[in-house]
Amino acid sequence: MTSSGGARRPGRWGRIVLKLSGEAFAGGNGYGIDGELAAQIATEIVRVRSEFEIDVAIVVGGGNIWRGMAGEGVGMDRAQADYMGMLATVINALALQDTLERLGQPTRVQTAIGMAQVAEPYVRRRAIRHLEKGRVVIFAAGTGNPFFTTDTAAALRAVEIEAGALLKGTHSGTDGIYTADPRIDPEAEKLGEVRYLDVLSRGLRAMDNTAVSLCMDNELPIVVFDLMGPGNVRAILDGQSIGTLVS
Ligand code: UDP
């Protein structure tokens with residue numbers, strides 16, 4: 001299933017989807033693309049691919065540039081604002097592609113909204129073929145539909161390409177799912193493992209409900225972890241208990 005090359009060892013899963021929020025690319029002010037942060041993320045991806053027999057697909061968010069809700073908040077048509085958000089994810093995808101390729105990692109960007117001059121359209125079978133050839137596939141433009149999020153896009157793509165898990169990187173200083181927001185509530189406790197239904201019924205902050213439901217219905221494990229923790233993706237693939245496992 002995975003591409004070959006080098007002395008790589010099996011990881012916890014043979015194929016993953018890594019969800020990167022737009023904010024993961026932003027510097028201190030939360031806006032735009034910080035080249036050093038992008039390089040840090042790309043380096044970790046290249047490193048895990050060199051160590052493990054693993055196919056890596058990535059879904060990128062766009063919150064560092066635009067969020068549909070922000071547009072709606074100032075009176076814009078929600079669907080229009082959401083399309084803007086989807087276009088924002090394409091900017092991040094192209095930045096990440098450039099960063100990965102400068103590190104020697106072949107990549108393909110596939111978009112859910114057609115823009116043939118800059119990226120391939122999303123074609124499931126083609127995405128799988130790219131992964132089998134050792135390319136990192138970056139899925140952009142979310143699901144292609146307004147009123148959804150890139151978390152849901154990540155869940156959807158993960159199910160479609162038969163990934164073993166969805167790794168949801170956070171960057172807000174939290175390193176998993178807590179019983180309450182640890183930045184506000186000092187009593188908040190981190191959960192090592194939690195069931196999908198508990199996430200939904202207790203309103204735990206992990207991913208949006210649509211994304212969690214899709215993973216639940218398809219028995220796709222989610223790992224919520226601190227993306228900025230050095231070596232975290234590697235440690236997760238190594239089988240270590242990092243962040244929170246939702247299953
Ligand atoms: N979006 C959308 N449909 C999708 C995915 C994303 O309409 O399937 C829009 C939505 O407006 C969202 C924006 O794109 O606010 C950026 O995505 P998201 O907020 O999920 O990015 P992240 O929080 O991961 O940076």
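Indexing begins at 1, ligand by ligand and atom by atom, following the structure's order. The analysis underlying the following values was restricted to heavy atoms, covering all of them including side chains, and did not include hydrogens, waters or symmetry mates. Quick note: residue numbers are just sequence positions, from 1.
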Distance, nearest 0.5 Å, that separates CZ of Phe52 from CD1 of Ile236: 10.5 Å
Pairwise distance CG(Leu37) to NE2(His171) - rounded to 0.5 angstrom: 10.5 Å
Donor + acceptor pair across side chains of Thr150, Lys19 (<3.5 Å): yes
Residue Gly22 vicinity, atoms of ligand 1 by number, heavy atom under 4.0 Å: 22 (P), 24 (O), 25 (O)
Geometric N/O contact Lys19 with ligand 1, under 3.5 angstrom: yes
Nitrogen or oxygen atoms of Ala141 and ligand 1 under 3.5 Å apart: no
Atom 23 (O) of ligand 1: nearest protein contact (heavy atom, Å): Arg67 NH1, 2.5 Å
Residue pair Pro182 / Asp185, side-chain heavy-atom distance below 4.5 Å: no
Any residue meeting salt bridge (Lys or Arg N to Asp or Glu O under 4.0 Å) with Glu120, in chain and number order, not counting sequence neighbours: Arg108, Arg126
N/O separation below 3.5 Å, Gly62 to ligand 1: yes
Carboxylate-amine/guanidinium contact Glu162 Arg157, below 4.0 Å: no
Donor-acceptor pair between Asp175 and Thr170 side chains, under 3.5 angstrom: no
Residue and atom name of the nearest protein heavy atom (relative to atom 14 (O) of ligand 1), distance in Å to one decimal: Gly85 C, 3.1 Å
Asp151 side chain near Lys168 side chain, heavy-atom distance below 4.5 Å: yes
Contact (N/O only, under 3.5 Å) between Ala153 and ligand 1: no
Results of side chain to side chain donor-acceptor pair (under 3.5 Å) for Tyr122 - residues two or more places apart only: Glu160
Identity and separation of the nearest protein heavy atom to atom 12 (C) of ligand 1: Gly68 N, 4.0 Å
Asn92 vs Asn64 side-chain heavy atoms within contact, under 4.5 Å: yes
Minimum-distance protein heavy atom relative to atom 11 (O) of ligand 1: Asp82 OD1, 2.5 Å
Candidate pair Arg9 and Glu51, rule salt bridge (Lys or Arg N to Asp or Glu O under 4.0 Å), full reasoning: CA-CA 6 Å; Arg9 63 192 172 101; Glu51 183 171 345; 2.7 Å; yes
Test of proximity, Asp151 against ligand 1: N or O pairs below 3.5 Å: no
Taking atom 6 (C) of ligand 1 as the reference point, the nearest protein heavy atom with its distance: Phe148 O, 3.7 Å
N or O contact, Trp66 vs ligand 1, cut-off under 3.5 Å: no
Region of Ser21 that comes within reach of ligand 1 [heavy atoms, distance under 4.0 Å]: both
Ligand 1-proximal atoms of Met69, by part, heavy-atom distance under 4.0 Å: neither
Heavy-atom nearest option to atom 18 (P) of ligand 1, drawn from Thr149, Thr150, Asn145, Thr143: Thr150
Numbered atoms of ligand 1 (with element) below 4.0 Å of Gly61, judged on heavy atoms: 21 (O), 22 (P), 24 (O), 25 (O)
Heavy-atom gap Pro146 to ligand 1 smaller than 4.0 Å: yes
Which of the ligand 1 atoms, numbered from 1, are nearer than 4.0 Å to a heavy atom of Gly63: 21 (O), 22 (P), 25 (O)
